[in-house]
Amino acid sequence: MLQLPFIRENKELTLAGLKKKRVANADEAVEQVLTLDQQRRDTQKELDDVLAQSNAKAKEIGALMKSGQKEAAEAAKAETAELKSRSKELEESLKALEQQVMDVLVTLPNLPHSSVPEGRSAEDNEVVLENGDKPVLGDDALPHWDLIKKYNIIDFELGIKITGAGFPVYKGKGARIQRALINFFLDKALEAGYLEVQPPILINKDSGFGTGQLPDKEGQMYFATADELYLIPTAEVPITNLYRDVIVSEDQLPVKNVGYTPCFRREAGSWGAHVRGLNRLHQFDKVEIVQIRKPEESYQALEEMSLYVQGLLQELELPYRVLRLCGGDMGFTSALTYDMEVWSAAQQRWLEVSSVSNFETYQANRLKLRYKVEGKTQLLHTLNGSALALPRILASILENNQTPEGIRIPKVLVPYCGFEVIN
RNA sequence: GGAGAGAUGGGUGAGUGGCUGAAACCAGCAGUUUGCUAAACUGCCGUACCCGUAAGGGUACCGAGGGUUCGAAUCCCUCUCUCUCCGCCA
């Protein structure tokens, strides 16, 4: 959520940012927020004054009662009636105005960092770098959805029976390589100084609001109606919400957490071409890194996180590229996002496997996540990144490493898998 | 699921209608002093919003929401959570 005082003092900057993010009704929305906010403040001033008068009168009455001046006290009581009804009115309109400000404010996305390129869609994203050699496969190379059948390691039909489309069953070496990847990713994060956490994978409304999934992305999450809990779309949500309503003491910074969780996404309306096999699932596994940083350090941290993720891809011997997302393609809550894509040799396309973002104060403002600087509380910056999401990593390992003798497991994973080839 | 008890500031914990934004103690911060890796003493020590260039002032908050009252941490209602006992159970 954007900070109201910031919008007030930086209206033009706000508008420019929102337009870069391709917000359709930016002028209108900002104007509305500022007008409502002014009304809100006026109303609060008036209410506070009325309440101050009421408090003074109440004290007066108390004193009169004590000194036995009953009649004077009764007379004073009569005077409070008007103040009371007035304060009630004002309180109601204050509440209404606060709600209205909030309603518009939550529709505004985060402002993009100055380095974010202009653009409308994925085609406008900036390729920051490309690394690794794309393998050249023979004509008989298979896409991963055929390889998983050939080697009987992932079963989509079985998943359909148990749950539905997009919920695959991993079997044998398929299950073992999943477990290997998770452990590999967690171990690497531990080496890099992250604290491992195992959060719940169901979250309440407040948590959904804290990281920005609610109110506007309600339809993307599975919802357990009996208990009003959402299945997490990413570990970002529970891990970042660990720090909701927290004033972190300076010596605990920076916070670096890593967690493995399954992730659940309804992906309503996003099925079609290019989503075969492991390319898009309703349930998948992911290791997520989350950092909480002082504002002045957050962009340096973002670069570190990007390099960290790239290091993982290098160790897995996967050709990858890094994109800086353009204003129109960025997430709602992000100020700057790098996407990491790996080359999927049989499909001949790039697959997104990680998204590393700095949210600046946007989430922290919702979370009320702060620290103290010289006695004053100040919002912190939150960042997170996939490190990494499994399915597409697995897809490209399967495709890129296929040989007539079977699928070669990347060296770093062999100790974790306990086998060198899937055949 | 059934029965009972409870929820106060970073922690412990007092407070049952006005003198309480809240005692006391601990932790923390600043300083004074003592010749010793510590003690004693003094002061400070919650959050948010509003007015103000500032100094400063106002308002709200004692699990959450509502109500009674001139006045609520304190009384009433609803909800949430925690603990204890019983039941069930990985």
Side-chain angles (χ1 to χ4, degrees), chain A residues 1-9 33-106 198-210 214 224-230 238 241-253 255 262 292 361 363-380:
Chain A
M1 191 162 63
L2 295 177
Q3 298 175 73
L4 215 26
F6 178 88
I7 303 178
R8 220 183 282 148
E9 284 154 33
V33 160
L34 290 178
T35 308
L36 286 167
D37 177 50
Q38 187 57 53
Q39 288 175 27
R40 195 206 104 241
R41 284 187 291 155
D42 292 345
T43 306
Q44 178 170 347
K45 178 81 183 97
E46 204 180 336
L47 174 62
D48 284 356
D49 289 346
V50 171
L51 287 175
Q53 287 178 52
S54 297
N55 288 343
K57 269 276 182 276
K59 272 214 169 93
E60 213 177 283
I61 292 167
L64 289 171
M65 297 279 239
K66 197 159 258 176
S67 61
Q69 306 176 55
K70 281 243 167 67
E71 279 173 32
E74 287 305 320
K77 270 194 199 183
E79 291 171 39
T80 61
E82 194 179 336
L83 288 173
K84 205 180 176 187
S85 70
R86 185 68 188 136
S87 73
K88 209 146 213 164
E89 271 171 41
L90 286 166
E91 216 163 294
E92 270 169 36
S93 44
L94 180 66
K95 235 184 220 175
L97 283 164
E98 277 171 351
Q99 188 57 52
Q100 288 173 48
V101 171
M102 199 55 141
D103 285 348
V104 186
L105 206 53
V106 296
Q198 233 179 67
I201 59 177
L202 278 86
I203 50 134
N204 59 28
K205 262 202 164 64
D206 286 345
S207 298
F209 178 79
L214 295 175
T225 53
D227 298 289
E228 298 195 30
L229 296 172
Y230 297 84
N241 271 281
L242 259 23
Y243 304 93
R244 171 153 50 83
D245 289 317
V246 170
I247 298 178
V248 183
S249 70
E250 201 167 352
D251 57 15
Q252 289 175 314
L253 291 169
V255 171
I292 296 169
T361 59
Q363 291 182 328
N365 192 27
R366 291 179 165 217
L367 293 160
K368 298 196 177 70
L369 165 54
R370 295 154 296 172
Y371 78 122
K372 278 200 188 199
V373 202
E374 288 157 12
K376 281 191 164 180
T377 57
Q378 190 177 323
L379 292 173
L380 283 157

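This structure is a prediction, so every number in the text was calculated from the model and none was measured.
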Q: Could you give the distance separating B/rA72 and B/rC19 at their C1' atoms, to the nearest angstrom?
A: 15 Å

**Q.** SB check A/D37 A/R40 (cutoff 4.0 Å)
**A.** yes

Q. Looking at side-chain heavy atoms only, is the closest gap between A/Q252 and A/Y371 below 4.5 Å?
A. no

Q) Expressed as a whole number of Å, how far does the P atom of B/rU12 sit from that of B/rA27? A) 15 Å

Q) In whole Å, what separates the C1' atom of B/rG87 from that of B/rC75? A) 36 Å

Q: Quickly work out the A/E228 CD to B/rC81 P distance and round it to whole Å.
A: 11 Å

Q) Does B/rG17 have a Watson-Crick or wobble mate here (both distances under 3.5 Å), and if so which one? A) none

**Q.** Partner nucleotide of B/rG71 by Watson-Crick or wobble geometry (both distances under 3.5 Å)
**A.** none

Q: Under a 3.5 Å limit for both distances, which nucleotide forms a Watson-Crick or G-U wobble pair with B/rC85, could you say?
A: B/rG2

(Q) Between B/rG63 and B/rA14, how many Å separate the two P atoms, rounded to a whole number? (A) 15 Å

Q) Is there a Watson-Crick or G-U wobble partner for B/rA54 with both distances under 3.5 Å, and if so, which one is it? A) none

Q: Look up atom CG in A/D206 and atom CG in A/N241, then write down how far apart they are to the nearest 0.5 Å.
A: 8.5 Å

**Q.** Partner set under side-chain contact (heavy atoms from CB on, under 4.5 Å) for A/V106, not counting sequence neighbours
**A.** A/M1, A/M102, A/F209, A/P215, A/R366

(Q) Any donor-acceptor pair under 3.5 Å linking the side-chain atoms of A/Q38 with those of A/D42? (A) yes

Q. Can you give one letter per nucleotide of nucleotides 45-52 of chain B, 5' to 3': B if a protein heavy atom sits under 4.0 Å from the base, S if only from the sugar-phosphate, - if neither?
A. -SSSBSS-

(Q) Whether A/E79 and A/K57 form a salt bridge (side-chain N of Lys/Arg under 4.0 Å from carboxylate O of Asp/Glu) is what I want to check. (A) yes

Q) Would the number of heavy atoms belonging to other residues, nucleotides or ligands and lying under 6.0 Å from CD of A/E82 be above 12? A) no

Q) Within a radius of less than 6.0 Å around CD of A/Q378, do more than 12 heavy atoms belonging to other residues, nucleotides or ligands occur? A) yes

Q.
Can you check the distance between B/rG15 and B/rA7, where both ends of the measurement are the C1' atom (answer in whole Å)?
A. 15 Å

Q.
Checking base pairs now: Watson-Crick or wobble, both atom distances under 3.5 Å. What partners B/rA22?
A. none

Q) Is there a Watson-Crick or G-U wobble partner for B/rU78 with both distances under 3.5 Å, and which nucleotide is it? A) B/rA64

Q) Once you round to the nearest 0.5 Å, how far does CG of A/L97 lie from OG1 of A/T35? A) 11.0 Å

Q: Return the nucleotide paired to B/rC41: Watson-Crick means purine N1 to pyrimidine N3 with N6-O4 or O6-N4, wobble means G-U with N1-O2 and O6-N3, both under 3.5 Å.
A: B/rG31

Q | B/rC49 versus B/rG21 - spacing of their C1' atoms, nearest Å | A | 16 Å

Q. Taking the same atom, P, in B/rG4 and in B/rC61, what whole-Å distance lies between them?
A. 32 Å

Q. Taking the same atom, C1', in B/rG52 and in B/rU59, what whole-Å distance lies between them?
A. 15 Å

Q) Does a salt bridge link A/E92 with A/K95, judged by any charged N lying under 4.0 Å from a carboxylate O? A) no

Q: Could you check which nucleotide pairs with B/rA90 in any of the strands shown, counting Watson-Crick or G-U wobble with both distances under 3.5 Å?
A: none

Q. Between atom CG in A/L51 and atom P in B/rG57, what is the gap in whole Å?
A. 19 Å

Q: Produce a footprint string for nucleotides 63-76 of chain B: one letter per nucleotide, 5' end first; B if the base is under 4.0 Å from any protein heavy atom, S if only the sugar-phosphate is, - if neither.
A: ---S--BBS-----

